[in-house]
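Worksheet for the structure shown next.
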Amino acid sequence: MSSCSLGVNALRSSVQAAAHHLTRPCTRLLLPATPFSSRCFSSWPSTQQQRQPQPQRGGHGRNTVAGPALLRNARPVLPQWLGIRTLLGSWSVITHYVHLPPNYTDEDGLPFSRKELNFEQVLSLFGPGISTAGGNRLLRILHGRRVAGTLDDPTVKVRTRDFLMEHQDIALGYLRREVPVDEVANAGLRAEDELAALEKGGAKSTGQTSGGPNKAGKFKLYKDGIAPPNKDSVYGTSALEEVRALNRAKHAARLKLEEEEKKKREEEWRHGKAGPLQLAGKQQTRQVSAQMQEYMVRAQSDLKEPPKMKKWQRLLPSAAFVLGLTGLCLAYAEFYRPPRRADRLFPDIPPAAATVGTLILANLLCWGLWKVPPMWRLLNRYFMVVAATPRAPAMLNAVFSHQSFLHMAQNMVVLWFLGVRFYDDVGRGTFLATYFSSGAVGALGTLTWAVMRNRLDLASLGASGAVYGIGAAYLWLHRFEYFKIFGLPPPPSDGVHGLALLALAAALNIGGIFTSKRLTVDITSHLVGMGVGIVAAHLVERKRGAQQQPGGVVKLAEAEAVATTTPPTEG
């Protein structure tokens, strides 16, 4: 038995053997210029071997064929279409080492599916910490290593050091789940080829031929004429030991180069010099301090998976909290009476500007807390709607929570321009009731959608639902009036109806459901907040209509009589 097939036959599956026998007729159709490979098929004889005369047993000086001499006859490369097309002509992923293309490189990898993952699939698999191109490149490299048998080879892992170990584990788990590969068999076949290459290298250096005075034959592991490192050894230095020494030298040189580059960067940073530009498509991990790592660990949950709960158990506490909050908002809007001017905290500031400005200041303060690492644990628990572990107070607290300054600035600008106008129409009681109820019900709508769709990995925060509620309420009250934005549309047009603007906002959000924005924008809270704002505006209209009736006119006259005896309270 040759050393090429020793102990590896057990690793080959019957499928590979069947594939070889099925493709044997095809090898006779190959052109004479077809390239040959030294990949081991062990006991699979080539066509050239079949043409040679059969060896005779016994005797001396006969034309006998030794086991290692099987490697002399090159075996044809399997047609490349065998690993790409099936018998029916459909596309197939390369999963066997014997089908590895001759132009394979670890840097390029192998295709792991017919189509690469899109933006949504990469985001759902890895999260937001990796780009779409980077995720597909990592999957190609790891799939190629599984087929090439180099998954545990430390010399090729340097090409994936730019990827986080968490992303590599996720990618490897995905490939093992979606693309089954016999990694053990492929690694064994690769070891077989490497051993054959070492034997050929040793044979070339000795210049011996089989059948000569050297009993070891043509393929030797040890070379003559070289002094061994150990004087007690009589075998000399093996080719395998030389390869190992060369790899150790390369590894030491690479470590030395990395250490020199690190010292150079530290020296540049110490003297305030700019470092080199980052290469496009190459991600660099940011080093964080030990204290920051501790804050990050404390802010994260120690749960390995979402708690086992029924859907109603996840929704009931938050729904009860939002229902009670909405009832309080309705009572506040009904019974609120504005204070006298002398009793106000800022008597010289218009009430609308004071109220809306206070809300903006509260959102700005919460955004600042997100920049304080010791506060991350509290904010993650009670200022963010998390579908896996929902907490009832988060339905209200998330309305004031923003992690991105741009996100907060967009919401606050809209709140200022539409909020002060809606406040002047309805007063403080109805304005605050609409703001809080729209935000809380919108957050509950997002939680309900995530739980019902089993998307327990989703989380949401922001005042978008409340802002959409205020804007929708104001536009509904003025739905038949004309509006111009920055003087547009120009004359002679009177402008755009408020109802058209409201329909445009709803259409943009509904259209976003069918795009990739649905994974980064909380469209559900927008639409639910708009619905709550329209309901609030409808209740205001009904209240005004009731006041215009005969009984309401008497009450209104009494209220005006009381107002004449007291100084004005607002604006």
Side-chain angles (χ1 to χ4, degrees), residues 1-24 27 36-46 49 66-80 82-84 92-106 109-112 140-157 159-160 168 171-173 175-203 217 219-221 238-244 246-247:
M1 179 178 292
S2 66
S3 60
C4 181
S5 61
L6 181 59
V8 183
N9 287 328
L11 299 178
R12 290 200 181 88
S13 61
S14 59
V15 178
Q16 294 177 342
H20 170 74
H21 290 292
L22 287 175
T23 56
R24 285 178 60 185
T27 58
F36 290 93
S37 170
S38 62
R39 293 199 178 102
C40 233
F41 286 91
S42 186
S43 60
W44 303 350
S46 64
Q49 290 174 339
L70 289 175
L71 291 175
R72 298 178 189 174
N73 300 319
R75 287 166 291 277
V77 176
L78 291 180
Q80 190 171 358
L82 184 61
I84 302 177
S92 178
V93 179
I94 297 177
T95 58
H96 296 290
Y97 177 77
V98 296
H99 301 159
L100 197 66
N103 58 347
Y104 162 76
T105 59
D106 181 78
L110 291 176
F112 57 91
R140 289 195 305 270
I141 292 175
L142 292 182
H143 178 64
R145 292 177 182 177
R146 298 172 69 212
V147 178
T150 59
L151 194 59
D152 297 328
D153 190 350
T155 60
V156 299
K157 289 185 178 181
R159 296 187 180 90
T160 53
Q168 296 185 35
L172 192 58
L175 291 173
R176 287 172 173 170
R177 185 170 61 253
E178 300 294 335
V179 188
V181 173
D182 193 346
E183 300 174 3
V184 178
N186 291 338
L189 292 175
R190 181 174 186 84
E192 197 174 343
D193 278 359
E194 290 178 351
L195 183 59
L198 290 176
E199 290 178 344
K200 287 185 177 181
F219 303 99
K220 299 172 57 181
L221 286 178
S238 69
L240 184 60
E241 290 177 353
E242 288 189 350
V243 173
R244 288 175 178 172
L246 180 62
N247 290 336

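Source: prediction; values computed, not measured. Nothing fancy with the numbering, it's 1 onward along the sequence.
In this structure a side-chain-to-backbone donor-acceptor pair under 3.5 Å is missing from His99 to Val93.
To the nearest 0.5 angstrom, Leu175 atom CG is 9.0 Å from Glu183 atom CD.
Put simply, the side chain of Val147 does not reach to within 4.5 Å of the side chain of Tyr104, judged on heavy atoms. Taking 4.5 Å as the limit, every side-chain heavy atom of Glu192 sits out of range of all side-chain heavy atoms of Leu195. Using a 4.5 Å cut-off on side-chain heavy atoms (C-beta onward), Leu189 and His96 make no contact. A heavy-atom distance below 4.5 Å is not found between the side chains of Leu110 and Arg146.
Listed here is the closest heavy atom pair of Tyr97 and Asp193: OH-OD2, 2.9 Å. Taking every heavy atom of both residues into account, Pro180 and Thr95 meet most closely at O-CG2, 3.9 Å.
Under the side chain to side chain donor-acceptor pair (under 3.5 Å) criterion, Asn247 pairs with no residue, sequence neighbours left out. Taking the side chain to side chain donor-acceptor pair (under 3.5 Å) definition, one finds that Arg145 meets it with Asp106, Thr160, sequence neighbours left out. When the salt bridge (charged side-chain N to carboxylate O under 4.0 Å, His left out) test is applied to Glu178, no partner is found at least two apart in sequence or on another chain.
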